[in-house]
Asks: 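One structure, pasted below without further comment.
To find a chain, count down the sequence lines: A is the first, B the second, and so on, and within it residues start at 1.
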Amino acid sequence: MAQIDLAIDIAGIRLKNPVLMASGTSGYGRELAQVMDISQVGGVILKSVTLEPKKGNAEPRICETTGGMLNSIGLENIGVDAFIDEVLPALVDLGTPVFASIAGETVRAYAKLASRLEAAGGLAGLEVNVSCPNVEKGGIQFGLETHATSAVVMAVHENCDLPMFVKLSSAVSEIARVADAAARAGAAGLSLINTVPGMAIDPVSRRPRLGAVTGGLSGPAIKPIALKAVWECYRATSLPVIGGGGIFDENDVIEFMLAGATAVSIGTSTFQDPGRAITIIDGLAAAIERAGADSPLRLVGAMKTI
Amino acid sequence: MAQIDLAIDIAGIRLKNPVLMASGTSGYGRELAQVMDISQVGGVILKSVTLEPKKGNAEPRICETTGGMLNSIGLENIGVDAFIDEVLPALVDLGTPVFASIAGETVRAYAKLASRLEAAGGLAGLEVNVSCPNVEKGGIQFGLETHATSAVVMAVHENCDLPMFVKLSSAVSEIARVADAAARAGAAGLSLINTVPGMAIDPVSRRPRLGAVTGGLSGPAIKPIALKAVWECYRATSLPVIGGGGIFDENDVIEFMLAGATAVSIGTSTFQDPGRAITIIDGLAAAIERAGADSPLRLVGAMKTI
Amino acid sequence: MADLLSLTRGALCECSLLAREESGAGVFLLEFAVEPGGGTPEAPSPGQFYQVRCGSGREHMLRRPLSAHGFALESGRQKVSFLVEAAGWGTEKLCSLAPGERVSMLGPLGRGFVLDGVGKALLIAGGIGVAPLFFLAREMERAGVAYDLLAGFNTGEKYYKPLDDLAGSVVACTEDGSLGTRGLVCDGMAGYLAGGYDAAYACGPEAMMSEAAGACEDAGIPCQVSLDSRMACGIGACRGCVRQGTDGSNLCVCSQGPVFDSRNVSWRK
Amino acid sequence: MADLLSLTRGALCECSLLAREESGAGVFLLEFAVEPGGGTPEAPSPGQFYQVRCGSGREHMLRRPLSAHGFALESGRQKVSFLVEAAGWGTEKLCSLAPGERVSMLGPLGRGFVLDGVGKALLIAGGIGVAPLFFLAREMERAGVAYDLLAGFNTGEKYYKPLDDLAGSVVACTEDGSLGTRGLVCDGMAGYLAGGYDAAYACGPEAMMSEAAGACEDAGIPCQVSLDSRMACGIGACRGCVRQGTDGSNLCVCSQGPVFDSRNVSWRK
Ligand SMILES: Cc1cc2nc3c(=O)[nH]c(=O)nc-3n(C[C@H](O)[C@H](O)[C@H](O)COP(=O)(O)OP(=O)(O)OC[C@H]3O[C@@H](n4cnc5c(N)ncnc54)[C@H](O)[C@@H]3O)c2cc1C
Ligand SMILES: Cc1cc2nc3c(=O)[nH]c(=O)nc-3n(C[C@H](O)[C@H](O)[C@H](O)COP(=O)(O)OP(=O)(O)OC[C@H]3O[C@@H](n4cnc5c(N)ncnc54)[C@H](O)[C@@H]3O)c2cc1C
Ligand SMILES: Cc1cc2nc3c(=O)[nH]c(=O)nc-3n(C[C@H](O)[C@H](O)[C@H](O)COP(=O)(O)O)c2cc1C
Ligand SMILES: Cc1cc2nc3c(=O)[nH]c(=O)nc-3n(C[C@H](O)[C@H](O)[C@H](O)COP(=O)(O)O)c2cc1C
Ligand code: FES
Ligand code: FES
């Protein structure tokens with residue numbers, strides 16, 4: 001086997017390999033660092049942070065479903081002040097690039113978060129989670145509407161020079177249009193996809209399995225949905241994509257790259273095996289070779305149409 | 001165990017039990033009738049029929065995914081003429097109510113299909129598959145837009161008195177709005193959900209696993225998505241719902257009823273076990289009892305919110 | 001379409017593994033007994049297949065198609081055997097079953113090979129394609145049809161030894177030359193076809209079947225091929241297994257096939 | 001938050017089943033050996049738990065939390081035991097493992113019961129809640145803490161016989177009266193609490209723990225409870241296991257718990 005270099009550049013950021021930890025599934029990185037060598041992953045996307053601390057949703061917050069899980073954490077987090085004071089300084093210990101994820105209820109909140117985080121330093125980039133209710137516009141999620149998505153992206157772009165990846169939901173009629181709006185508004189890249197809205201009910205107690213009734217579906221169950229989103233957005237924009245949704249092994253990573261992802265994120269699979277990302281990285285060179293390539297970049301968008 | 005009567009009325013149609021065979025997964029009923037006693041199911045929804053015969057999509061047309069499968073059959077069917085001549089006369093032999101499913105590329109095609117099928121007779125109702133490209137409007141699916149959905153439903157309503165169930169896709173930003181449009185336009189009920197758009201790629205050959213590149217995801221993987229669609233549409237309209245998407249056992253049926261379905265449809269699970277619908281029916285009375293009810297109707301929409 | 005349906009004689013049945021033997025590297029001969037209680041399927045004819053549920057749970061929703069490799073009726077009990085190459089989840093699961101373990105099968109399904117009026121036949125097997133052709137060879141012996149069999153394997157380790165016991169003559173080749181001639185099974189087929197055959201039967205990888213079919217057409221010998229396709233229902237209901245016919249029609253592999261006249265098949269590139 | 005992290009001493013390790021015994025109807029005592037090669041976890045303290053991967057494949061993405069029920073270090077080899085009630089997919093899968101089969105575990109995790117300064121304790125176990133409390137009782141024996149144990153079961157068939165061997169006195173009751181007193185474990189608890197205990201420890205169904213906690217509060221005795229919650233990460237990263245605290249704060253069951261001072265817990269109705 002020829003030596004395959006796994007390093008990639010994405011939106012000007014150099015990563016030692018294309019495998020990132022997905023937002024919200026590896027906390028602030030340090031929890032996972034107790035049980036695996038997190039310095040080996042390409043990067044860590046931290047859980048979404050908001051301006052004020054958030055308590056999140058009523059319990060139960062998670063439930064297993066076929067090939068995945070539902071979660072309704074509700075963006076519980078310590079707020080940006082504590083984040084900057086307590087979390088940021090320790091991130092350098094992780095030994096790998098770190099991306100913050102920001103979430104807000106108003107365009108202004110996103111702008112403020114972005115400028116505060118850039119000023120605080122220590123981050124490789126920002127992920128902008130637009131799957132949040134826009135409280136000034138009747139509570140419909142930013143990411144469901146092209147103009148609301150544009151507004152958020154522009155506001156972040158104006159207030160922050162960190163490379164910005166806009167994280168979209170697939171639960172829209174035409175994701176490529178939202179992606180295009182994000183591109184025009186100044187996004188450096190896309191992160192696809194967030195969880196897919198869903199619910200589950202206990203057939204005996206008749207209660208919803210989540211306290212918030214509905215939640216977001218993640219895990220291998222959604223992989224086909226995520227791949228289609230990546231493929232469509234890759235073709236519709238010229239933005240680099242962090243692809244994810246159900247990645248379980250190195251072959252899944254190849255699938256996402258072929259669909260157009262430059263890097264990938266691993267979420268739910270980490271729960272089944274905290275070391276999964278590292279197993280994937282260990283197997284990636286061989287998988288790239290099986291796909292007939294000699295570097296990860298050669299595979300990006302390289303699906304052969306029949 | 002008290003004797004529980006499984007019979008239900010839905011949009012004026014009496015079914016001996018609420019378990020239907022989903023469109024496209026049991027063909028014209030007779031294929032399955034060779035290997036199971038199809039007269040025991042509550043009803044059969046035939047595969048979608050179009051005005052002209054359709055050859056369908058390039059192969060491969062199916063591929064397995066975690067907890068489900070993708071298909072891109074592309075509505076292969078013999079066309080409404082042959083359907084009326086060859087299929088309809090034999091349907092009475094199935095011994096259970098039969099629903100035709102219609103699919104078209106123009107509003108007029110739906111109207112014509114509906115009037116021809118009503119005239120031909122022998123059907124308990126119609127399912128209207130609006131997940132088809134609207135060729136007169138740039139190819140965007142009817143079901144993705146409220147006005148296109150309304151137009152189809154109105155046209156069918158004007159041309160046919162059979163109870164009409166509009167089958168929606170969950171891949172829209174707000175399914176409840178589409179459901180509401182269908183209700184206002186004269187739908188007798190809803191059928192939720194059609195397959196979820198997705199794709200898969202072979203990580204070695206780099207080819208898409210489907211000849212049509214993208215296809216529709218079905219099976220247990222999508223159950224949480226389907227349940228949410230049923231719950232939202234049940235609350236947004238007063239229409240009875242045929243719920244389905246990933247139903248595998250009788251507990252899944254209870255979940256769909258609690259979310260608001262009056263009847264359910266079984267698709268992909270039939271592939272794993274052609275007799276699955278009957279196993280489900282056999283277990284349904286006990287499941288209804290475990291949920292603390294004495295009839296299926298008592299469970300419809302009876303989820304307890306915490 | 002009525003005639004098609006009359007061919008679908010499959011029944012749903014539970015089968016328990018009687019014996020399992022590694023017949024070649026990664027290839028297993030599995031013998032099952034049809035358990036009473038469920039349906040009573042008819043006896044399979046060579047080329048027919050079963051839809052086998054390879055595991056439990058919801059992760060894998062599709063059954064896997066497997067050609068009948070052998071059949072016996074012993075004191076009223078049906079025994080069906082398969083020759084299976086471990087190629088992925090389902091086949092690996094089957095190949096690691098322990099005797100006594102049960103699986104659900106639906107079959108026999110589809111249309112098998114047609115023997116009518118054939119005096120001398122050439123059988124061409126590529127790799128695991130030997131599974132239905134071995135069964136066909138045995139059937140020809142019973143029916144008094146003369147045959148020769150060409151069998152190609154990647155390597156000698158994959159060779160199926162029971163071929164040695166066949167009455168017909170068997171010519172084996174391997175890609176790596178470790179057994180028999182070095183080369184592909186279709187190499188020099190034109191020469192063989194001069195041997196006075198009135199029919200050919202092929203099963204194996206797509207490229208091999210298409211080459212065999214071409215050689216037969218050139219020689220004017222009708223060739224029946226057993227096509228591969230992913231399947232969902234296995235009974236003609238879902239149209240998932242459809243392949244293209246040369247006349248632009250759709251070939252439903254599970255119900256009209258899996259065996260087709262090679263001239264009707266549009267080959268994949 | 002730094003102090004929390006210092007409590008997460010879990011390691012990822014492979015364990016193989018040494019022995020499996022049905023200790024009561026549908027309840028199994030499972031003893032595992034930690035295999036060398038993976039991580040070397042610390043010894044668990046009573047109340048700590050492991051995140052156990054109960055099967056392979058992609059159908060079930062979440063591990064299942066199980067309290068340590070016993071621990072031994074024999075010639076350098078860690079042995080961990082669990083008492084498991086078959087309640088669904090994962091626990092059933094574990095309860096039907098054969099000796100020698102392996103599972104992946106992450107642990108020990110969380111904060112266990114605190115013994116500091118306790119002279120005499122009351123342990124209150126409901127059903128499978130006996131799993132960590134039995135381990136605690138053994139630890140108290142080692143540490144010289146006096147204790148009594150109240151144990152309630154649905155029925156005598158679920159009774160855990162090794163309770164008979166404990167040094168402390170055990171009072172058992174069953175809902176159907178088939179063993180011990182008829183009734184719930186908390187019936188008449190106020191009376192027991194007069195017995196001079198300076199701490200109580202409870203584990204069992206939510207309603208039982210909340211009642212036990214109420215009785216202890218009334219009696220002015222601090223009570224530690226081991227909470228149940230569905231978990232994803234098990235290490236404080238996902239916030240999926242969070243429950244409500246009485247002061248409106250969030251209790252992270254996996255990393256701050258599963259053992260909490262009962263006064264901090266807001267009980268589910
Ligand atoms: C009529 C018929 C008869 C068959 N008879 C036999 C037999 O006797 N013995 C035998 O060993 N095999 C036989 N096969 C092939 C067998 O069905 C496949 O090997 C099996 O379905 C693969 O399933 P899996 O779960 O092991 O692999 P998977 O994990 O599903 O797939 C492994 C790889 O094979 C690909 N693949 C899966 N199914 C097919 C397919 N049908 N065609 C092409 N590629 C596929 C997948 O895309 C993947 O790359 C037959 C197939 C057909 C259609
Ligand atoms: C810290 C901790 C320690 C535990 N220790 C033990 C132990 O020592 N022995 C033991 O037998 N069990 C213990 N449990 C409970 C055990 O984790 C669950 O029974 C198990 O997760 C159920 O998984 P399953 O796959 O068997 O059931 P599933 O098929 O997942 O579920 C069966 C039913 O139980 C419900 N359920 C699943 N998980 C939970 C949960 N965590 N809380 C409430 N309801 C749930 C489901 O909704 C479903 O209705 C412990 C739980 C926690 C949080
Ligand atoms: C428990 C949990 C918490 C999550 N929290 C966040 C979050 O805070 N912000 C965000 O953008 N995505 C969040 N996600 C979504 C994941 O980052 C990821 O996009 C999604 O789970 C799909 O990938 P996966 O299938 O690999 O998990 C969360 C997912 C899970 C399961
Ligand atoms: C192979 C296949 C073919 C299908 N064909 C149709 C169709 O012709 N018309 C239609 O409305 N839905 C069709 N469907 C969708 C199903 O009717 C059903 O809505 C969907 O599969 C979700 O249910 P399930 O998870 O139980 O399969 C098809 C599904 C499959 C898997
Ligand atoms: S597999 Fe369904 S029609 Fe052939
Ligand atoms: S289970 Fe993830 S924080 Fe507790």
Side-chain angles (χ1 to χ4, degrees), chain B residues 21 24-36 46-47 53-78 82 86-87 90 209-211 215 218-221 223 246 248-249 252 267-276 278, chain C residues 1-2 4-14 38-39 41 51-64 88-90 104-107 109 206 227-245 247-255 266 268-269:
Chain B
M21 306 304 292
T25 56
S26 51
Y28 295 130
R30 54 191 182 187
E31 299 87 352
L32 215 51
Q34 312 270 318
V35 296
M36 51 92 86
L46 304 180
K47 70 163 121 183
K54 265 182 88 101
K55 284 218 195 128
N57 284 324
E59 46 126 1
R61 293 175 166 190
I62 53 176
C63 100
E64 197 181 65
T65 64
T66 300
M69 64 181 286
L70 286 164
N71 89 78
S72 60
I73 309 297
L75 294 179
E76 174 181 349
N77 78 96
I78 58 178
E86 296 165 26
V87 175
R209 288 199 188 266
L210 297 176
S218 61
K223 195 183 75 172
F248 187 89
D249 66 17
D252 296 333
T268 303
S269 288
T270 302
F271 299 144
Q272 201 194 55
D273 180 359
R276 186 62 54 79
I278 292 177
Chain C
M1 211 166 272
L4 280 191
L5 291 174
S6 64
L7 282 160
T8 304
R9 298 161 304 197
L12 200 56
C13 55
E14 286 285 308
Q51 278 280 73
V52 184
R53 185 171 175 196
C54 303
S56 61
R58 302 173 193 213
E59 182 169 352
H60 296 276
M61 294 301 291
L62 300 185
R63 289 173 176 242
R64 301 298 193 258
W89 170 81
S104 165
M105 296 200 191
L106 176 67
L109 300 171
E206 183 85 0
L227 289 193
D228 193 12
S229 188
R230 292 186 216 148
M231 293 186 182
C233 72
I235 55 172
C238 75
R239 315 304 288 180
C241 62
V242 157
R243 296 198 41 179
Q244 295 306 303
D247 61 353
S249 69
N250 282 338
L251 306 178
C252 182
V253 177
C254 72
S255 64
S266 165
R268 295 175 183 151
K269 279 129 288 183

Asks: For the pair B:Glu59 and C:Arg268, find out whether any cationic side-chain nitrogen is under 4.0 Å from an anionic carboxylate oxygen.
Replies: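 Here B:Glu59 pairs with C:Arg268 in a salt bridge, since their nearest N and O are under 4.0 Å apart.
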
Asks: B:Pro274, B:Ala221, B:Gly24, B:Gly246: which one forms the most heavy-atom pairs within less than 4.5 Å of chain C?
Replies: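 Among B:Pro274, B:Ala221, B:Gly24, B:Gly246, the one with the most close pairs to chain C is B:Pro274.
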
Asks: Please enumerate all residues that pass side chain to side chain contact (heavy atoms under 4.5 Å, CB included) together with C:Asp228, with sequence neighbours excluded.
Replies: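 Once residues adjacent in sequence are excluded, C:Asp228 has no partner under the side chain to side chain contact (heavy atoms under 4.5 Å, CB included) criterion.
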
Asks: Would a 4.5 Å heavy-atom cut-off, applied to side chains only, mark B:Arg61 and C:Val242 as touching?
Replies: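 The answer is yes; the side chains approach within 4.5 Å.
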
Asks: Check whether C:Leu106 gets within reach of chain B through its side chain, its backbone, both or neither, counting any heavy atom under 4.5 Å.
Replies: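 Looking at C:Leu106, just its side chain touches chain B.
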
Asks: If the condition is side chain to side chain contact (heavy atoms under 4.5 Å, CB included), which residues does C:Ser249 pass it with, not counting sequence neighbours?
Replies: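 Per chain and number, C:Ser249 pairs via side chain to side chain contact (heavy atoms under 4.5 Å, CB included) with C:Asp247, C:Leu251.
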
Asks: Work out which heavy atom in C:Ala237 is nearest to a heavy atom in B:Lys47; give both atom names and the distance.
Replies: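 Minimum heavy-atom separation between C:Ala237 and B:Lys47: O-NZ, 4.1 Å.
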
Asks: Where does B:Asp273 contact chain C at under 4.5 Å (heavy atoms): side chain, backbone, both or neither?
Replies: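 B:Asp273 touches chain C through backbone and side-chain heavy atoms alike.
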
Asks: Between chain B and each of C:Cys238, C:Ala232, C:Cys233, C:Ser104, count heavy-atom pairs under 4.5 Å; write down the option with the most.
Replies: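 The option with the most such pairs is C:Ala232.
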
Asks: Chain C heavy atoms under 4.5 Å from B:Lys55: which part of the residue, side chain, backbone, both or neither?
Replies: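 Contact with chain C involves both backbone and side-chain atoms of B:Lys55.
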
Asks: Among C:Arg243, C:Arg58, C:Glu59, which residue has the highest count of heavy-atom pairs closer than 4.5 Å to chain B?
Replies: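 Top count of heavy-atom pairs under 4.5 Å with chain B: C:Arg58.
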
Asks: Could you look at B:Ser72 and say if it's the side chain, the backbone, both or neither that has a heavy atom under 4.5 Å from chain C?
Replies: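 Contact with chain C: none, neither part.
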
Asks: For residues C:Leu12 and B:Gly275, report the shortest heavy-atom separation together with the two atoms involved.
Replies: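 Closest heavy-atom pair between C:Leu12 and B:Gly275: CD2-N, 4.2 Å.
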
Asks: Does C:Arg230 reach the main-chain N or O of B:Cys63 with its side chain, forming a donor-acceptor pair under 3.5 Å?
Replies: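 Checked: no pair found.
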
Asks: If we check side-chain contact (heavy atoms from CB on, under 4.5 Å) with C:Arg239, which of these qualifies: B:Asn71, B:Ile62, B:Ile73, B:Asn77?
Replies: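 Going through B:Asn71, B:Ile62, B:Ile73, B:Asn77 one by one, the side-chain contact (heavy atoms from CB on, under 4.5 Å) with C:Arg239 is satisfied by B:Ile73 alone.
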
Asks: Go through the atoms of B:Thr268 and report whether side chain, backbone, both or neither lie under 4.5 Å from a heavy atom of chain C.
Replies: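 It is both, since atoms from each part get that close.
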
Asks: Search all heavy atoms of C:Arg63 against all heavy atoms of B:Gln272 and return the closest pair with its distance.
Replies: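 Heavy atoms of C:Arg63 and B:Gln272 come nearest at NE-O, 2.7 Å.
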
Asks: What heavy-atom pair brings B:Glu64 and C:Met61 nearest, and what distance separates the two atoms?
Replies: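 Nearest pair, atom of B:Glu64 first, then C:Met61: OE2-N, 3.2 Å.
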
Asks: State the CD-CG distance between B:Glu76 and C:Asn250, to the nearest 0.5 angstrom.
Replies: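 If we round to the nearest 0.5 Å, B:Glu76:CD and C:Asn250:CG are 4.0 Å apart.
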
